[in-house]
> 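Would you mind keeping the following structure in view while I ask a few things?
FYI, side chains are in, hydrogens and waters are out, and symmetry mates aren't considered; it's all heavy atoms of this structure. First the proteins, then the strands, lettered A, B, ... as listed; each starts at 1.
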Number of protein chains: 2
Amino acid sequence: MSTAFGPYIREKREALKKQDKRFSLRKVAQRVGIEPSYLSKVERGLPAPLSEEKIRAISVDLGENADLLLALSGKVSADVQEIIRKRPELFTEIIRQMEDLPDNAVLRLVREVRDGKW
Amino acid sequence: MSTAFGPYIREKREALKKQDKRFSLRKVAQRVGIEPSYLSKVERGLPAPLSEEKIRAISVDLGENADLLLALSGKVSADVQEIIRKRPELFTEIIRQMEDLPDNAVLRLVREVRDGKW
DNA sequence: AATAGTGTGTAGTACCTGATACACAATGTC
DNA sequence: GACATTGTGTATCAGGTACTACACACTATT
């Protein structure tokens, strides 16, 4: 889908490869469990969708944040979607309201919720 | 996908139909823009996926909440997904943290954010 | 009794998702 | 020079998504 994901992980992978030959496209593909030719297409942004599972495996292998990589490939984590679907009216409302908040305001909310003030 | 959506809207539609014959399956299908036979399958929970667009049209026609109907058919509104994808790490974190909050606590958050305390 | 309207069964369609399998040329390594 | 490894091109595929089109039997309406 999104053209951003492929080039992004290609760059990350090649950076790692410079210090560690275990990060060749073929080796990564093998560890992740996909065909090298398919990962090649993915990295070049050709139409080659990856499942959430494979994206997660790549994020582990490359040491990247899974939710970021999912976002770059146009997805939202299945567990987050499920949380929303359990209380759709409530959660969609708060998410839409938070859209325009600056990062630091959202972060403050995260902390306050985590610290059990609610 | 989800078997809950179909029977749910069938019940709602038939309730409306009792007071207004404009809510026959065929009439609703026509207003919504799908074939009656397809809506029939949908309402009986047979494998007949609906696009977000059609689900929204049904929600308008039946006077139901769109986000609820989307959730019942296993979806999350595209605009909400896009908000999350723009700041994936921040938003997935706060959503996961809010999972265990009771409704009234989330509601309080909604109000405080809306009232510009942030 | 004819007509209109109701819900449903069956078949078919086009495109998307998420891949595999194999071949190939270029580059690196022994 | 042989062998291994690298990235990529092409073909193919099964299943899911999101529908249409038409026929049919049954029930209301006029």
> Please determine whether a side-chain nitrogen or oxygen atom of A:Arg22 lies at a distance below 4.0 Å from atom OP1 or OP2 of D:dT5.
no
> Grab the NZ-C1' distance between A:Lys41 and D:dA11 for me, whole Å please.
10 Å
> Search all heavy atoms of A:Ser40 against all heavy atoms of A:Arg10 and return the closest pair with its distance.
O-NH2, 4.4 Å
> Backbone N or O of A:Leu50 within a donor-acceptor pair of the A:Lys75 side chain at under 3.5 Å?
yes
> Between D:dG9 atom P and A:Leu39 atom CG, what is the distance in whole Å?
13 Å
> Just the rounded figure in Å: distance from P of C:dA19 to CD of A:Glu53.
7 Å
> Verify the neighbour count for atom CD of B:Glu14: are there more than 12 heavy atoms of other residues, nucleotides or ligands below 6.0 Å?
yes
> Rounded off to whole Å, could you give me the CD-to-C1' distance for the A:Glu14 and D:dG7 pair?
10 Å
> Could you check which of C:dG7, C:dG18, C:dT6 has an atom nearest any side-chain atom of B:Arg10?
C:dG7
> With a non-hydrogen cut-off below 4.0 angstrom, is B:Ser24 in contact with a base, only sugar-phosphate, or nothing?
sugar-phosphate
> What's B:Ile34 touching, base or sugar-phosphate or nothing? Going by heavy atoms closer than 4.0 Å.
sugar-phosphate
> Can you say whether a donor on the side chain of B:Arg26 sits under 3.5 Å from an acceptor on the base of C:dG5, or the other way round?
no
> With the side chain of B:Arg44 defined as its heavy atoms from C-beta on, choose the nearest nucleotide among C:dG9, D:dA18, D:dG7.
C:dG9
> Heavy atoms only, 4.0 Å cut-off, all strands: where does B:Ser37 land among base, sugar-phosphate and nothing?
base
> Please test A:Ile58 against A:Glu64 for side-chain contact (heavy atoms from CB on, under 4.5 Å), starting from the C-alpha separation and ending with a verdict.
CA-CA 8 Å; A:Ile58 289 176; A:Glu64 292 284 314; over 6 Å; no
> OH of A:Tyr38 versus P of D:dT8: gap in Å, rounded?
15 Å
> With a cut-off of less than 4.0 Å, is there a side-chain N or O of B:Lys27 near OP1 or OP2 of C:dT6?
yes
> Think A:Arg13 has a side-chain N or O under 4.0 angstrom from the OP1 or OP2 of D:dT6?
no
> Looking at D:dG7, I'd like to know if its phosphate oxygens (OP1 or OP2) sit under 4.0 Å from a side-chain N or O belonging to A:Lys17.
yes
> Quick one: A:Leu50 CG to C:dT17 P, roughly how many Å, whole number?
12 Å
> Can you tell me which nucleotide in D:dA18, D:dG7, C:dT8 comes closest to the side chain of A:Ser40?
D:dG7
> Nearest whole angstrom, please: distance from the C1' of C:dA4 to the CD of B:Gln30.
14 Å
> I want to confirm an ordering. Mapping A:Ser51 and B:Leu25 to their closest nucleotides on DNA chain C, which one lands closer to the 5' end?
B:Leu25
> If you take all heavy atoms of B:Glu52 and B:Ser77, which pair is closest and at what distance?
OE2-OG, 3.5 Å
> Can you tell me how far C1' of C:dG7 sits from CZ of B:Phe23, to the nearest Å?
18 Å
